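Heads up, the thing below is written out as structure tokens.
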Amino acid sequence: MDKNQIVQLLEGIGELLALKEGSSVFELRAYENGARALNSLDGDIKQLVKEGKLKGTPGLGPTIIKRIEEAVETDHIAFYDELVANTPAVKLDMLRIPGLGPKRINTIYEQVKVTSLAELEQACKENRVAVLPGFGKKTQDKILQGIAFLSEHADRFLYPVAEEEAARIHEALATLPEIVRHQVAGSLRRRRETVKDIDMVVSVADDAGPEARRKIMEFFTTQPTVKAITGKGETKSSVILGSGIAMDLRVVADRQFPYTLHHFTGSREHHIPLRRRAQSMNMTINDYGLFKINGEQEELVPCQTEADIYAALGMEYVEPELREDMGEIEAAAQHTLPTLVEEKDIRGVLHAHSTWSDGHNSIREMAEACIERGYSYLGLTDHSKAAAYAGGLSEDDLMKQGEEIDRLNEEFAGRFRILKGTECDILRDGTLDFPDHILAKLDFVVASIHSNFQLSPQEQTERMVRAIANPYVSIIGHPTGRILLSREGYQLDMEAVIEAAARHGVCIEINAHPSRLDLDWHLVRKARDKGIKVPIGPDAHSLAGIDVIRYGIGAARKGWLRANDVLNTLETEALLAFFHVQRNRG
DNA sequence: GCCGTTTTCGGCCCGACTGTTTTCAGTCG
């Protein structure tokens, strides 16, 4: 069991304890802290356990260490299993409804006696929830809304969950000598921010017999992460994996591989205009091949790769991320597709926290982690004072932090630079949490909304636009505040926000955290078209948090961004010059 | 369950907001 899985178990214990009546709120907080503490540890967990290195880590006491050791040794935590067995599943389901916490869940469970979300929905519609003590009409409506949101997103998974599950199977399959080519397809390959199921295509030699296919399918359906088999044949098998995500594996002859891969990569929306184009060229395309139509005859157009398929249709190769019917068909036909930004183009980090606010690592540790990863700079952005829950800095603290940064920069001189920044709260009225004369002392400012989510769309838009107009604001952080699969962003007119940002020369970030990916890629494209520079910010709260940049790269590529559309592809001097010009915009 | 320049018991992050109340509990970040 790896570190992430153990972190999830510890977090799970926290949730389960919250739902257990009579349990201590401090005990569950201890598990949440423990999960966070473990998550921020670097290195192989098995090694750490073996060397007894967990002891002394703040947040990890004797009991939690024992549970971590148990997980490493047995792949289970008995305490967790026991809690799961004693917790009604509907309580866990209810926990995912925004606005419902442990207390209200227990009240509903005790007094309305629901056993499923469907029953809860029914109870709300019959007004049986609003009458409970401490509840009311608005709470009941909010619960109904939450249930509707969940049923819309229930069967989707965050990209990293799907990616990790797919990678495990992919690695295992790659060891089979019968397999010639293997590739993840579907929305995962297109790097959608959430994924419903995993599609994988593998090929066997053109002359391979059925036993080769049977062997692959047997191997696939008996992988340790397979929880259930929902279908098993020689060309297609379907399973449910440990996280609950469904996965399909297709096995084809190698000559058919590019066509099948292309078909199952999608998207459906991309294929519709593509088929139209094929038709206009007297061809037809499906998952078996690309065919030239000669009267009654269909003649296969031989293709070794997907690039060959596009070439046969008179097009440039279309990267999977772009296959969303966002104009890529026309652009590929005119050979005007952008050269998309890649992870290696990123030169530094522009949204990160340290122990000065709610980060887990010191500035030095964060800086050294950036150096290790080959970056040239770290734009440090601890929270401002209004973000009290996150240990936001006062003006005094911010200035003291600046002194620490100066000392470190002297030490790193010539090879690395820490930029002085802040993630400054945008207050309710659109003013910033620090006065201008303080902001003027920083290299750059990320401005974000962390409160008053409920303002009307008009008020929220005005608030954001007012912040954008402040000449010290360099970047708007996580502009819509959405949490994928969990809550919608705050209501605002993003078109107007993008318009204002373009007018004032302010950047809008892609917050690369896989639960955010905010700005959404559809809007990234709009921002780019208005000439807005888009930083890809990890919003890192730990060393490992820096690495989520690659998810942001996915969103950037889906939004058609080239390297020079991304702010943090600039080298240090060019970046500082950019901020300088931005600040003197008048 | 964790932690200690109040150290083995008694605290534990906290302010804002919402919807429910009529002074506050629950939730969130």
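Each chain gets a letter, A, B and so on, in the order the sequences are listed, and its residues count up from 1. Values in this document were obtained by computation on a predicted structure and should not be read as measured data.
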task = Could you measure between the two C1' atoms, the one in B:dT7 and the one in B:dC12, and give it in whole Å?
result = 15 Å
message = Could you work out, with ring-ring contact (aromatic ring centres under 6.0 Å, His included) as the rule, every residue matching A:F135, not counting sequence neighbours?
response = none
query = Which of residues 99-111 of chain A have a heavy atom under 4.0 Å from DNA chain B?
reply = A:G99, A:L100, A:G101, A:P102, A:K103, A:R104
key: Within residues 1-29 of chain A or reaching into it, pairs that qualify as salt bridge (charged side-chain N to carboxylate O under 4.0 Å, His left out) - sequence neighbours excluded   = none
Span that lies between the P atom of B:dC13 and that of B:dT5, in whole angstrom = 16 Å
request  = Treat primed atoms plus P, OP1 and OP2 as sugar-phosphate and everything else as base, then score nucleotides 1-9 of chain B 5' to 3': B for base contact with protein heavy atoms under 4.0 Å, S for sugar-phosphate contact only, - for none.
outcome  = BSS------
inquiry  = Could you work out, with ring-ring contact (aromatic ring centres under 6.0 Å, His included) as the rule, every residue matching A:H478, not counting sequence neighbours?
reply    = A:H450
Please report, to 0.1 Å, the donor-acceptor pairs under 3.5 Å made by any side chain of residues 77-87 of chain A, with sequence neighbours excluded.
from, atom 1, to, atom 2, distance (Å)
A:D81, OD2, A:H76, ND1, 3.4
A:N86, ND2, A:E82, O, 3.1
A:T87, OG1, A:L83, O, 2.6

query = Which part of the nucleic acid, if any, lies within reach of A:N452 when heavy atoms closer than 4.0 Å are counted: base, sugar-phosphate only, or nothing?
reply = sugar-phosphate
query = What pairs with A:Y490 under ring-ring contact (aromatic ring centres under 6.0 Å, His included), at least two apart in sequence or on another chain?
reply = A:F453
task = Using the P atoms only, state how far B:dT6 lies from B:dC2, rounded to an integer number of Å.
result = 23 Å
task = Indicate whether OP1 or OP2 belonging to B:dT20 is found under 4.0 Å from a side-chain N or O atom of A:T139.
result = yes
message = Pairing check on B:dG4: which nucleotide meets the Watson-Crick or G-U wobble criteria with it, both distances under 3.5 Å?
response = B:dC9
ask   = How far, in whole Å, is B:dG26 from B:dT20 if one measures between their P atoms?
value = 14 Å
N/O donor-acceptor pairs under 3.5 Å from side chains in residues 496-507 of chain A, not counting sequence neighbours:
from, atom 1, to, atom 2, distance (Å)
A:E499, OE1, A:K530, NZ, 3.3

Set of ring-ring contact (aromatic ring centres under 6.0 Å, His included) partners for A:F444, sequence neighbours left out = A:F579
query = In whole Å, what separates the P atom of B:dC17 from that of B:dG11?
reply = 30 Å
ask   = More 5' along DNA chain B: A:R516 or A:R29, using each one's nearest nucleotide?
value = A:R29
ask   = Do the side-chain N and O atoms of A:H522 and A:D520 include a donor-acceptor pair separated by under 3.5 angstrom?
value = yes
inquiry  = Please classify the nucleic acid contact of A:K137 as base, sugar-phosphate, or nothing, using heavy-atom distances under 4.0 Å.
reply    = sugar-phosphate
task = Locate the shortest heavy-atom distance separating A:V112 from A:L132; write the atom from each residue and the value.
result = CG2-CD1, 3.7 Å
query = Using the C1' atom in both, what is the distance from B:dC14 to B:dC9, to the nearest Å?
reply = 24 Å
